[in-house]
Colleague: 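My questions will all concern the structure given below.
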Amino acid sequence: MNKAFTRESDGEQDDDGASALPPLPPGARNYITPAGYARLRAELLGLLDVERPKVVETVSWAAKNGDRSENGDYLYGKKRLREIDRRIRFLTKRLDIAEVADPSVHHGGDQVFFGATVTYANAAGEERTVTIKGIDEADSLKGEVSWISPIARALLKAREGDEVQLVSPGGVERIEVVAVRYPAPGQENR
């Protein structure tokens, strides 16, 4: 088979990096907090204005040095340039479809919506706290969950004191919403 018709991956996931994050459900909106949108936008601008020009300069310099087949700077630079371009395409697509939802509009409310920080208790009385964020900004190490995650779907639209069913691989669990908090207007939701 002609090599022109094959696709070499070099361990790459997807042409636009979309497999790095879970896909959006069909027809769903890409909700994101203002702080999350700002972080993604800052990353995109950093790639476009700082990172990519540096790598292009390195590749250009390395290309002038002659034999490209054994030129590590050239080969690594080209690979890094592909990675940067892939991330730029991914961020551009995600920011284009992003719908910024400010959770502070619900400040003082007791019903769970996007952006809420929810404390819930399971049947054993163990309490956990999660913040419902967009899929592009959720960080489980910080107690943030995506709005499409099972726990977020179970909690959405519940109120303080409500019991909801959490369907998980371990079975169905009843949890109680203990507290619902939103950031005050003008404050970052971190």
Side-chain angles (χ1 to χ4, degrees), residues 16-51 84 87-170 172-190:
D16 64 356
S19 62
L21 292 170
L24 287 169
R29 296 181 176 163
N30 185 23
Y31 292 110
I32 191 167
T33 63
Y37 186 86
R39 278 192 298 275
L40 289 181
R41 191 168 188 284
E43 180 186 353
L44 175 62
L45 293 177
L47 288 172
L48 288 170
D49 297 339
V50 178
E51 184 83 17
I84 290 170
R87 184 68 180 164
I88 287 171
R89 282 191 306 273
F90 174 76
L91 289 171
T92 302
K93 287 177 185 178
R94 288 299 236 213
L95 290 171
D96 283 347
I97 63 169
E99 186 163 325
V100 179
D102 187 1
S104 67
V105 298
H106 299 292
H107 181 69
D110 70 341
Q111 190 171 12
V112 180
F113 294 109
F114 178 82
T117 298
V118 183
T119 302
Y120 64 92
N122 62 12
E126 299 168 340
E127 288 190 0
R128 289 195 176 155
T129 302
V130 296
T131 301
I132 301 171
K133 298 248 184 143
I135 64 172
D136 295 325
E137 61 182 330
D139 182 357
S140 61
L141 297 176
K142 295 180 182 176
E144 300 170 349
V145 297
S146 162
W147 67 272
I148 61 171
S149 68
I151 185 67
R153 287 179 179 230
L155 292 170
L156 284 171
K157 298 198 178 166
R159 294 185 182 277
E160 287 181 10
D162 286 356
E163 280 194 10
V164 296
Q165 289 186 356
L166 171 61
V167 179
S168 66
V172 178
E173 182 180 4
R174 294 203 56 78
I175 58 175
E176 180 183 353
V177 178
V178 176
V180 178
R181 294 184 320 275
Y182 292 95
Q187 291 184 352
E188 294 288 318
N189 187 13
R190 294 185 189 254

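The basis for the numbers below is simple: all heavy atoms, side chains too, and nothing from hydrogens, waters or symmetry mates. This is a predicted model, so every value here is computed, not measured.
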Colleague: Within the 4.5 Å heavy-atom criterion, are L155 and V177 side-chain neighbours or not?
Modeller: yes
Colleague: Check ring-ring contact (aromatic ring centres under 6.0 Å, His included) between Y120 and all other residues, then give those that pass, not counting sequence neighbours.
Modeller: none
Colleague: Got a donor-acceptor contact below 3.5 angstrom from the T92 side chain to the I88 backbone?
Modeller: yes
Colleague: Enumerate the salt bridge (Lys or Arg N to Asp or Glu O under 4.0 Å) contacts for residues 158-167, please, sequence neighbours excluded, ordered by first and then second residue.
Modeller: D110-R159, E163-R174
Colleague: Working to the nearest 0.5 angstrom, can you tell me the gap between L156 CG and W147 CH2?
Modeller: 8.5 Å
Colleague: With E137, which residues qualify under salt bridge (Lys or Arg N to Asp or Glu O under 4.0 Å), at least two apart?
Modeller: R39
Colleague: For a 4.5 angstrom cut-off between non-hydrogen side-chain atoms, does E176 reach V164?
Modeller: no
Colleague: Any donor and acceptor pair, going by atom type alone, linking the side chain of N30 with main-chain N or O of R94 inside 3.5 Å?
Modeller: yes
Colleague: Give me each pair satisfying salt bridge (Lys or Arg N to Asp or Glu O under 4.0 Å) with a member in residues 41-51, each pair once, sequence neighbours excluded.
Modeller: E43-R87, E51-R80
Colleague: Under the side-chain contact (heavy atoms from CB on, under 4.5 Å) criterion, do L44 and L95 qualify, and how do the steps go?
Modeller: CA-CA 9 Å; L44 175 62; L95 290 171; 3.8 Å; yes
Colleague: To the nearest 0.5 Å, how far apart are CG in D139 and NZ in K133?
Modeller: 9.0 Å
Colleague: Please identify each residue that fulfils side-chain contact (heavy atoms from CB on, under 4.5 Å) with V50, with sequence neighbours left out.
Modeller: K54
Colleague: Which atom names give the shortest non-hydrogen contact between P103 and P34, and what distance separates them?
Modeller: CD-CD, 4.1 Å
Colleague: Donor-acceptor pair, distance only, cut-off 3.5 Å: does the side chain of E144 make one with the backbone of A138?
Modeller: no
Colleague: I'd like to know whether the aromatic ring centres of H107 and Y182 sit less than 6.0 Å apart in this structure.
Modeller: no
Colleague: Mind checking the CD1-CD spacing from I32 to E99? Nearest 0.5 Å is all I need.
Modeller: 11.5 Å
Colleague: Quick one: are L166 and R153 in side-chain contact, heavy atoms under 4.5 Å?
Modeller: no
Colleague: Please walk me through it: do H106 and Q111 pass side-chain contact (heavy atoms from CB on, under 4.5 Å)?
Modeller: CA-CA 8 Å; H106 299 292; Q111 190 171 12; over 6 Å; no
Colleague: Going from CG on D136 to CZ on F90, what distance comes out if it is rounded to the nearest 0.5 angstrom?
Modeller: 5.0 Å
Colleague: Between atom CD1 of I132 and atom CD1 of I148, what is the distance when rounded to the nearest 0.5 Å?
Modeller: 12.5 Å
Colleague: Can you name the side-chain contact (heavy atoms from CB on, under 4.5 Å) partners of N122, sequence neighbours left out?
Modeller: A124, E126, E173, I175
Colleague: How far does OG of S146 sit from CZ of F114, to the nearest 0.5 angstrom?
Modeller: 8.5 Å
